[in-house]
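The structure under discussion appears below in the form of structure tokens.
For this chain, numbers begin at 1 and follow the sequence in order.
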Amino acid sequence: MSDIAWAARELVDGLMARPWGQVTASVYETGRLVTLAPWLTGHAERVRYLLRTQRPEGTWGPPDGYDLVPTLSAVEALLSERRRASSAPEGSRADLSAAVRRGLEILPVRLGAGNALPDMPAVELIVPFLVSLINEHLSGVGTPLPLPRGMDHTRLEAVRGWVASGADLPEKLLHALETAGMAVRGAHAVRPTPIGTVGASPAATAAWLAAIQDGPIHAAPAEGGTGEGTVGAAAARLHLEAVVRRHGGPVPVGLPITVFERGWVLSWLARAGIELDVPPEMIADLRAAIGPAGTPAGAGLPADADTTSVALHALALLGAPHEPSSLLAFDLGTHFCTWQGEDGHSPSVNAHVLDALGRYVACRPDAGDRYRPVMARLAGWLAGGQRADGGWEDRWHASPYYATVSCALALDEYGGQESARAVRRAVAWVLDTQRPDGSWGRWEGTPEESAYALQTLLLTRASDDPRLVEAAAAGYRFLREADLDRQPALWHDKDLYSPRAVVRAAVLASLHLAECDQRVSILIRS
């Protein structure tokens, strides 16, 4: 068995061993816990994490607007910590003050730049929420921060009113419940899931936990007592302790991501043709997760078309096709939404829906009459959304290589001859944007983006570009030497994150494809 096959087997086994998922830490989410839960295990390490991840210019996070939310969160958290640390050693106070000063110097520049912010979940709530908190710290001692051009507090105040009313809240709102501030105390209908999370978010869970204590927001939750609220509080506290111990103090932006992680890992590996020995219980769990409304990425999140379609695609690839009718609830007539009431649209989600329907029809030809018209409509919508340069971009990932591999593969396999031109243009764009070291990437060459580029080259059939083989061989060499531990966060949530197992699966799939392609393997060995 090759080293790639062994690595794939180990990766799948790890999905069972760590069912909540393998996700990188988030500056945004960690900052919220520094403010909301200083009593929680690992508080000092969370503060140190914020201090050591600040960039020299004073920001946190990558450029192009992605640094605003983590920088706001980190600065507010360090301001809160500095206020609490008045009796701390002088060196600690000096480190906090220096980090805060650098952050406050750069934030007015970032907020006043006038550039459009990335299309991140809840950004229209998070930015005014954090700006308000920081301005409370600066009251009487500094110049208030402005809001970005075109942004105000209208939506945030509407959400806070909704939360304070005690009405049932949509699950997608629970993921950013912390933005409601003290209004969370009126959220009587909100309860943690059986595993103790609120909205699959450490920040939302900590905000709910602080609110139901009905005491100082910085106080540790009370022990003992009876009643539903106390039981929920105990579960939430245990959940937070489990998350911080798993990550050594800092926390991810979303956990658990069980179905999401398993669906993506298995679909990347199986689509590339890697032989897998998937535990039967994992397949059974995936099938059981898909209900009439689809499946969420993990406990505490709403069902979404993306996770549902990738889980369905993985099951069909593994020889266990599941009727995809639950996806039709997301059909808007022109395209599919990620969830009901979505602002915007996602090419990658629609590409994954096309994958799921197409693979199911390949397994169950008698379903063709029902799903082929939907597939044709989706293929046309995807091709119509292709950029002029041949790539695609998406609201769930910072890199166009992710959107491009999603759309190109779906169109090549299930879009019919009408999609061949769009696929050829995608391959040409990938070839045009390869870096001299053989890598691909938006800001720098990365293993993840290079893996997506390689799959676009090697899994599509519409292109006969003469540059393809040499480009694939160079990409393979880059991936073989790449350090996956240095992979930056590129996936969209409230903050950028990296689902480590998913990224590793994409890399393994691409290496396998290159080694199995006779044309590329000759160059690799030469």
Side-chain angles (χ1 to χ4, degrees), residues 25-40 43-55 57-61 65-86 88 92-93 95-112 117 120 122-148 151 153 156 159-160 176-184 201-207 210-211 216-218 249-251 253 493-496:
S26 158
V27 169
Y28 168 79
E29 208 83 3
T30 299
R32 295 306 81 225
L33 256 63
V34 167
T35 293
L36 289 165
W39 46 265
L40 190 63
H43 176 74
E45 180 49 41
R46 283 187 286 282
V47 174
R48 286 192 289 268
Y49 168 77
L50 296 181
L51 292 174
R52 70 173 176 265
T53 54
Q54 188 178 27
R55 296 182 180 274
E57 72 275 14
T59 63
W60 284 260
Y66 286 100
D67 55 0
L68 181 58
V69 163
T71 301
L72 285 168
S73 182
V75 167
E76 194 286 324
L78 295 177
L79 281 165
S80 295
E81 181 65 11
R82 188 175 67 174
R83 177 179 294 173
R84 287 193 297 261
S86 58
S92 300
R93 295 199 306 276
D95 290 343
L96 289 169
S97 295
V100 166
R101 184 183 66 253
R102 292 197 301 273
L104 289 176
E105 287 173 353
I106 196 65
L107 273 174
V109 178
R110 292 292 192 266
L111 289 163
L117 294 177
M120 307 282 279
V123 67
E124 74 283 359
L125 305 178
I126 291 171
V127 171
F129 163 62
L130 291 174
V131 167
S132 294
L133 288 182
I134 291 173
N135 286 341
E136 288 178 16
H137 286 286
L138 299 178
S139 179
V141 296
T143 303
L145 295 177
L147 286 175
M151 183 176 286
H153 289 84
L156 178 62
V159 166
R160 287 181 168 177
L177 186 65
E178 70 278 2
T179 61
M182 300 306 293
V184 177
S201 162
T205 305
I217 199 161
H218 300 307
V251 294
V253 73
D493 201 326
K494 292 181 284 184
D495 194 0
L496 290 179

Review point. Are any non-hydrogen side-chain atoms of L130 and Y28 less than 4.5 angstrom apart?
Key: yes
Review point. If we only count heavy atoms from C-beta on, is the R32 to P202 side-chain gap below 4.5 Å?
Key: no
Review point. Side chains of P108 and L145: does their closest heavy-atom pair fall under 4.5 Å?
Key: yes
Review point. How long is the span from the OG atom in S26 to the CH2 atom in W60, to the nearest 0.5 Å?
Key: 13.0 Å
Study note, to complete from the structure: Correct closest heavy-atom pair for P148 and L68 would be CG-CD2, 4.3 Å
Check your understanding: Rounded to the nearest 0.5 Å, how far does OG1 of T179 lie from CD of E124?
Key -> 8.5 Å
Review point. Would you say T143 and L138 make side-chain contact, with heavy atoms under 4.5 Å?
Key: no
Review point. Taking atom types as modelled and ignoring hydrogens, do the side chains of E76 and S80 form a donor-acceptor contact shorter than 3.5 angstrom?
Key: yes
Point to revise | Atom of V123, atom of P128 and distance for their closest heavy-atom approach | key: O-CD, 4.1 Å
Study note, to complete from the structure: For L50 and A77 the tightest heavy-atom approach is CD1-CB, 3.9 Å
Point to revise | 4.5 Å side-chain heavy-atom contact, V34 and R84 | key: yes
Check your understanding: For Y49 and T30, which heavy atoms make the closest approach, and how far apart are they?
Key -> CD2-CG2, 3.8 Å
Check your understanding: Between S201 and K494, do the side chains contain an N or O donor and an N or O acceptor separated by less than 3.5 Å?
Key -> yes
Practice item. Find out whether V100 and H137 are in side-chain contact, i.e. whether some heavy atom of one side chain is under 4.5 Å from a heavy atom of the other. Key: no
Study note, to complete from the structure: Interatomic distance, CG@L78 vs CG@L51, rounded to 0.5 Å, equals 5.5 Å
Review point. If we only count heavy atoms from C-beta on, is the P70 to T53 side-chain gap below 4.5 Å?
Key: no
Practice item. Output, in order, the C-alpha distance, side-chain angles, deciding distance and verdict of side-chain contact (heavy atoms from CB on, under 4.5 Å) for D493 and E29. Key: CA-CA 11 Å; D493 201 326; E29 208 83 3; over 6 Å; no
Review point. Could you state the interatomic distance from CG (L72) to CG (L111), rounded to the nearest 0.5 Å?
Key: 5.5 Å
Practice item. Take I134 and L107 through the side-chain contact (heavy atoms from CB on, under 4.5 Å) test and state the conclusion after the steps. Key: CA-CA 11 Å; I134 291 173; L107 273 174; 4.1 Å; yes
Point to revise | Those residues that, when tested against R102, pass salt bridge (Lys or Arg N to Asp or Glu O under 4.0 Å) (two or more places apart) | key: none
Practice item. Verify side-chain contact (heavy atoms from CB on, under 4.5 Å) between V69 and V27, making sure each step is shown before the conclusion. Key: CA-CA 9 Å; V69 163; V27 169; over 6 Å; no
**Study point:** L117 CG to M151 CE distance, which is reported to the nearest 0.5 Å
**Key:** 5.0 Å
Revision key, fill the gap. When every non-hydrogen atom of R82 is compared with those of S97, the smallest separation belongs to CD-OG, 3.3 Å
Practice item. With R110 as reference, evaluate T59, T71, D67 under the side chain to side chain donor-acceptor pair (under 3.5 Å) test and give the passing residue. Key: D67
Check your understanding: What distance do E81 atom CD and R46 atom CZ have between them, rounded to the nearest 0.5 Å?
Key -> 10.0 Å
Exercise for review: Go through the steps to decide whether E178 and V184 satisfy the test side-chain contact (heavy atoms from CB on, under 4.5 Å), and finish with yes or no.
Suggested key: CA-CA 8 Å; E178 70 278 2; V184 177; over 6 Å; no
Practice item. Please tell me if the side chains of R93 and L96 come closer than 4.5 Å, counting only heavy atoms from C-beta onward. Key: no
Check your understanding: If you take all heavy atoms of A206 and A37, which pair is closest and at what distance?
Key -> CB-CB, 4.5 Å
